[in-house]
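Ligands are counted one by one from 1 in listed order, and the atoms in each one are counted from 1 as well. All heavy atoms count here, side chains included; hydrogens, waters and symmetry mates do not.
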Amino acid sequence: MSMNEVVQSSAPNGAGYKSFTIGAFTFGRDEFFARIAWPTGTHVLSVDVFLRALQRDVAWDFFYGTVNFDSVIGTVNHYGTVDLFAGRYNESYRKAELDYVENFESGHLRETFKAMLEDWTNSEFDPFASPAETGKPFGEKSGSNTSAITRRRVAANRMVGVPGDEQIRTDASHPINRMFADVSQDEPLLEAEPGFENEVAAFNLFAYLSRSDVTWNPSVVSVCKESLYCPTTEEYILPVIHGNDRIEWFVQLSDEIRWEVEDGDTGKKRAAVTMKAGDVAAMPGDIRHQGYSPKRSMLLVWENGSPDLPRLIAAGQAPIYPVDF
Ligand code: PHB
Ligand code: FE
C-alpha cells in the first residue's frame, strides 16, 4: 500500500460510527443518514440507499463508466484512477457552481470505501439483499457483517460449468429463492463426441439464477472474447443510477423491470422503459438508468468489455447507439 492509500478515519462519534476523509471529501454516518461534505457543499442521504450503492461500487471495482449513488454523489471509472464527484452530473449544482470532482488512485478510494462499508454495516443488514430479505441498516452501531459485504462476484473465465469454471450453484448451500419456487431445476442432457467432453458444456441458466441470494449484482457466466454475459436477479430498486461509458444490452428473462432513463450528463429525464419477459433493449452510451423490479426477476446484462471503447467513443470512432433508424 502506498502512502496515499492509507485510509484516514476518525474515532467513533456518538452513534458509534467512524468518519472518513479522502482528499477534500469527508463522509460521516449517524443513526439514519450518510453525510458528505466537500469544499463547496454538503449532502445527506438515507444510509440504506448509501450502503447499497457503496456495496456495488466496491464489489464491481467502480464498474463501467459512472456509478451515481443518487443525483449528487458518485464515481467515474478511468480504469486505474477514479473520480469521486459531488453535483458534477447534476445541472442545478453545476449552474450554481457547487459541483466538485477529485481524482484518486483506484486503490486508495477502494480501500477507503471498503473501510467505510465495514464500519457502517451492522450485523443485521446485508446491502446485497432485497429489503424483503434483510434486517434494517439503521440505529447505533451494532456489530458487523463482514461475510455478506465481502461476498465475491461469480466470474467465469469461459463459461459456468466448464473445467475451471465449476461455480454452478445447484447445491444445498444455495437454496432456491422464495420467488423462484416454480423454476424447473432440470439440467440439459449433453452428449459430447468422444474427445470433446472437456470442450462442451451446458447448464440451466434459470435454475442457476433461481438460487442467487443477492440482488442487482450481475455475475459473469460466459466470456467469448469481449462479449460478457452477466445475468442477475433483481428485486426492488437498482441501488445505483448507472451511466455506462458504452452501449449495453438488456434481455429481460422473466417478470418485469421498469427503467428510468436520464441524460447521463445533466440528469434530465429521457425515457421510461417497461421491459417484460422476452423483451430486449439496448441502452445508449450517453444515458444513465435505474431499474425498478416489483417482483424478483431475471435479467441478462450483455456487456462489450473491450477496454478500447471509451477512447473510441470519445474519438467518434464507435457509436453510442447500436442501431440508426
Ligand atoms: C446496470 O446498470 O446496467 C445494471 C447494474 C446491475 C444490475 C443490472 C443492471 O443488476
Ligand atoms: Fe447499466
- request: Just jot down the ligand 1 atoms closer than 4.0 angstrom to any heavy atom of F250, in number order.
  value: 3 (O)
- prompt: Protein N, O or S atoms less than 2.8 Å from the Fe ion (ligand 2), ignoring waters?
  reply: H242 ND1, E248 OE2, H289 NE2
- request: Just need the protein heavy atom nearest to atom 8 (C) of ligand 1, so name the residue and atom and give the distance.
  value: E234 OE2, 3.2 Å
query: Taking 4.0 angstrom as the limit, do D265 and R88 come out as a salt bridge?
result: yes
message: I want to know if ligand 1 touches W60 in the polar sense, i.e. an N/O pair below 3.5 angstrom.
response: no
task: Measure the acute angle between the ring planes of F50 and F69, then classify it against the limits of 30° and 60° as parallel, tilted or perpendicular.
output: tilted
- prompt: Is a side-chain donor-acceptor pair under 3.5 Å present for N217 with T232?
  reply: no
- prompt: Below 4.5 Å, heavy atoms only, C-beta onward: do R56 and F63 meet side chain to side chain?
  reply: no
Ligand-residue contact atoms, ligand 1 with H289, heavy atoms, under 4.0 Å: 1 (C), 2 (O), 3 (O)
message: Check this for me - ligand 1, E248, N or O atoms closer than 3.5 angstrom, yes or no?
response: yes
- request: Tell me, please, whether Y17 has R29 positioned over its six-membered ring: NZ or CZ under 6.0 Å from the ring centre and within 45 degrees of its axis?
  value: yes
- prompt: Applying a strict 4.0 Å limit to heavy atoms, is N217 in contact with ligand 1?
  reply: yes
field: ligand 1 atoms in contact with P218 (distance to a heavy atom under 4.0 Å)
entry: 6 (C), 7 (C), 10 (O)
OH on Y208 to CZ on F206, rounded to 0.5 Å: 14.0 Å
field: Any side-chain heavy-atom pair of P307 and E226 under 4.5 Å
entry: yes
message: Quick check on M283 - does any of its heavy atoms sit under 4.0 Å from an atom of ligand 1?
response: no
message: Test your reading of the model: is there a side-chain donor-acceptor pair from E256 to the backbone of T274, 3.5 Å cut-off?
response: no
- request: In plain terms, say whether R246 and D308 are close enough for a salt bridge, that is, a side-chain N and a carboxylate O under 4.0 Å apart.
  value: no
query: With a 4.5 Å limit on heavy-atom distance, are the side chains of F125 and K136 in contact?
result: no
- prompt: Ring centroid separation for F32 and F138, is it under 6.0 angstrom?
  reply: yes
- request: Tell me which one of L238, L300, I241, T66 gets a heavy atom nearest to atom 4 (C) of ligand 1.
  value: L238
message: Below a 4.0 angstrom heavy-atom separation, can you tell me which part of R56, side chain or backbone, both or neither, approaches ligand 1?
response: neither
